[in-house]
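First the structure, in the form of structure tokens, and then the observations on it.
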Protein chains: 2
Amino acid sequence: MTGTGLGIGEVARRTGLSIDALRFYEREGLLVGPVDRDAGGRRRYRPLDVEWLGICVRLRESGMPLADLRRFAGLVRQGPGNEAERLRLLDAHRRRVDEQIRALEECRSLIAWKTAVYADHLARGEATGLWDPTA
Amino acid sequence: MTGTGLGIGEVARRTGLSIDALRFYEREGLLVGPVDRDAGGRRRYRPLDVEWLGICVRLRESGMPLADLRRFAGLVRQGPGNEAERLRLLDAHRRRVDEQIRALEECRSLIAWKTAVYADHLARGEATGLWDPTA
DNA sequence: GGTTGATCTGGACCGCACTCCAGCTCCTAG
DNA sequence: CTAGGAGCTGGAGTGCGGTCCAGATCAACC
């Protein structure tokens with residue numbers, strides 16, 4: 001029997017984080033609590049840890065800096081009583097995500113327009129509207 | 001008279017890039033051609049340069065690495081004849097942007113759900129479903 | 001002529017988020 | 001017993017994308 005919880009390799013596979021990143025996150029205080037260790041000193045992640053790491057991954061993917069993640073983890077670690085602050089933090093982040101989506105959509109439409117210009121140009125041979133700094 | 005073209009400070013204001021970044025981009029070969037200089041050796045950006053920089057900003061905002069931007073700039077610098085490759089490059093980037101938007105929207109909905117949980121909790125005092133690692 | 005403000009160059013430095021490494025321990029299978 | 005594989009620690013190194021700085025020059029105005 002492997003004991004309770006998951007080993008670091010398994011957690012890495014499940015979360016998509018590297019083993020090094022998992023140890024790094026722990027050193028940086030991004031977890032909601034100390035990770036259990038087995039008799040030999042190896043990490044054993046409980047389901048809660050893994051779930052939290054999943055959230056970390058999402059927040060990171062959406063551009064939250066580690067510093068903010070650390071603050072959030074700190075609030076959660078303190079336990080109940082600071083929900084208002086957690087809410088503020090998440091809400092501010094959501095607004096940033098909205099803004100990112102908006103900006104990306106704008107970029108996307110510029111790119112789509114440019115690709116359309118090139119595609120059109122290729123479809124009919126020489127055409128106008130191309131970048132040509134030699135002009 | 002200030003002569004033709006814009007000074008670096010003005011271009012920085014218009015593009016949102018810092019003066020240092022503008023010089024850095026130039027050193028890194030991200031521009032479509034050499035920037036003009038006035039009698040005193042100062043940069044004078046032509047409208048085409050500024051327009052290209054605007055595109056750079058968009059592409060960077062949407063996560064294109066400088067290396068790709070450099071490749072694209074190189075193609076444009078070469079002049080007509082490589083439109084197919086420019087198209088491939090932009091198209092690949094558009095797909096990455098689409099993927100980013102998708103991922104961000106997923107993150108957004110997780111965050112929205114979490115904030116709803118906290119908001120609900122705050123609205124009615126103690127409730128369930130909160131992170132509490134002390135449990 | 002002097003001051004002020006923008007710009008120049010080359011090169012050092014920075015923050016972020018990891019990633020890699022040496023040298024060690026521990027567990028399991030054969 | 002031994003070989004292999006997963007994991008451990010502390011610390012150094014990496015890649016990206018700029019940012020900062022010293023020391024000089026230049027243009028314009030008073």
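First the proteins, then the strands, lettered A, B, ... as listed; each starts at 1.
The distance between atom CD1 of A:I19 and atom P of C:dC21, rounded to the nearest whole Å, is 14 Å. With rounding to whole Å, B:D68 atom CG is found 11 Å from D:dC16 atom P.
At distances below 3.5 Å, not a single donor-acceptor pair connects side-chain atoms of A:W113 with backbone N or O atoms of A:R108. Looking at B:R77, its side chain does come within 3.5 Å of a backbone N or O of B:L31 through a donor-acceptor pair. When atom types are taken as modelled, the side chain of A:D120 and the backbone of A:V117 share no donor-acceptor pair closer than 3.5 angstrom.
Taking A:R94 as the reference, A:D91, A:D98 meet the side chain to side chain donor-acceptor pair (under 3.5 Å) condition, with sequence neighbours excluded. For A:R27, there are no salt bridge (Lys or Arg N to Asp or Glu O under 4.0 Å) partners at least two apart in sequence or on another chain. B:D20 pairs by the salt bridge (Lys or Arg N to Asp or Glu O under 4.0 Å) definition with B:R23, not counting sequence neighbours. Residues that satisfy the salt bridge (Lys or Arg N to Asp or Glu O under 4.0 Å) test with B:R88, not counting sequence neighbours, are absent from this structure.
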Heavy atoms under 4.0 Å is the rule here; annotate nucleotides 13-19 of chain C 5' to 3' with B where the base is hit, S where only the sugar-phosphate is, and - elsewhere.
----SBB
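For C:dA6, neither phosphate oxygen OP1 nor OP2 lies less than 4.0 angstrom from any side-chain nitrogen or oxygen of B:R23. Considering only side-chain N and O atoms, B:R37 lies under 4.0 angstrom from the phosphate OP1 or OP2 of C:dT9.
The two residues B:L122 and A:L87 come nearest to each other via the heavy atoms CD1-CD2, 3.7 Å.
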What donor-acceptor contacts under 3.5 angstrom involve side-chain atoms of residues 99-107 of chain A, with partners at least two apart or in another chain?
from   : atom 1 : to     : atom 2 : distance (Å)
A:E99  : OE1    : A:R102 : NE     : 3.1
A:E99  : OE2    : A:R102 : NH2    : 3.0
A:Q100 : NE2    : A:S62  : O      : 2.8
A:R102 : NH1    : A:E106 : OE1    : 2.5
A:E106 : OE2    : B:R58  : NH1    : 3.3
A:E106 : OE2    : B:R58  : NH2    : 2.7

Enumerate donor-acceptor pairs with a distance under 3.5 Å from any side-chain N or O in residues 68-75 of chain A to protein atoms, sequence neighbours excluded.
from  : atom 1 : to    : atom 2 : distance (Å)
A:D68 : OD2    : A:R96 : NH2    : 3.4
A:R70 : NH1    : A:E28 : O      : 2.9
A:R70 : NH1    : A:E28 : OE1    : 3.1

Could you list the protein-to-nucleotides 25-27 of chain D atom pairs, N/O on both sides, closer than 3.5 Å?
from   : atom 1 : to    : atom 2 : distance (Å)
D:dC26 : O4'    : B:R42 : NH1    : 3.2

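Using a 4.0 Å cut-off on heavy atoms, none of the residues of residues 90-106 of chain B approach DNA chain C.
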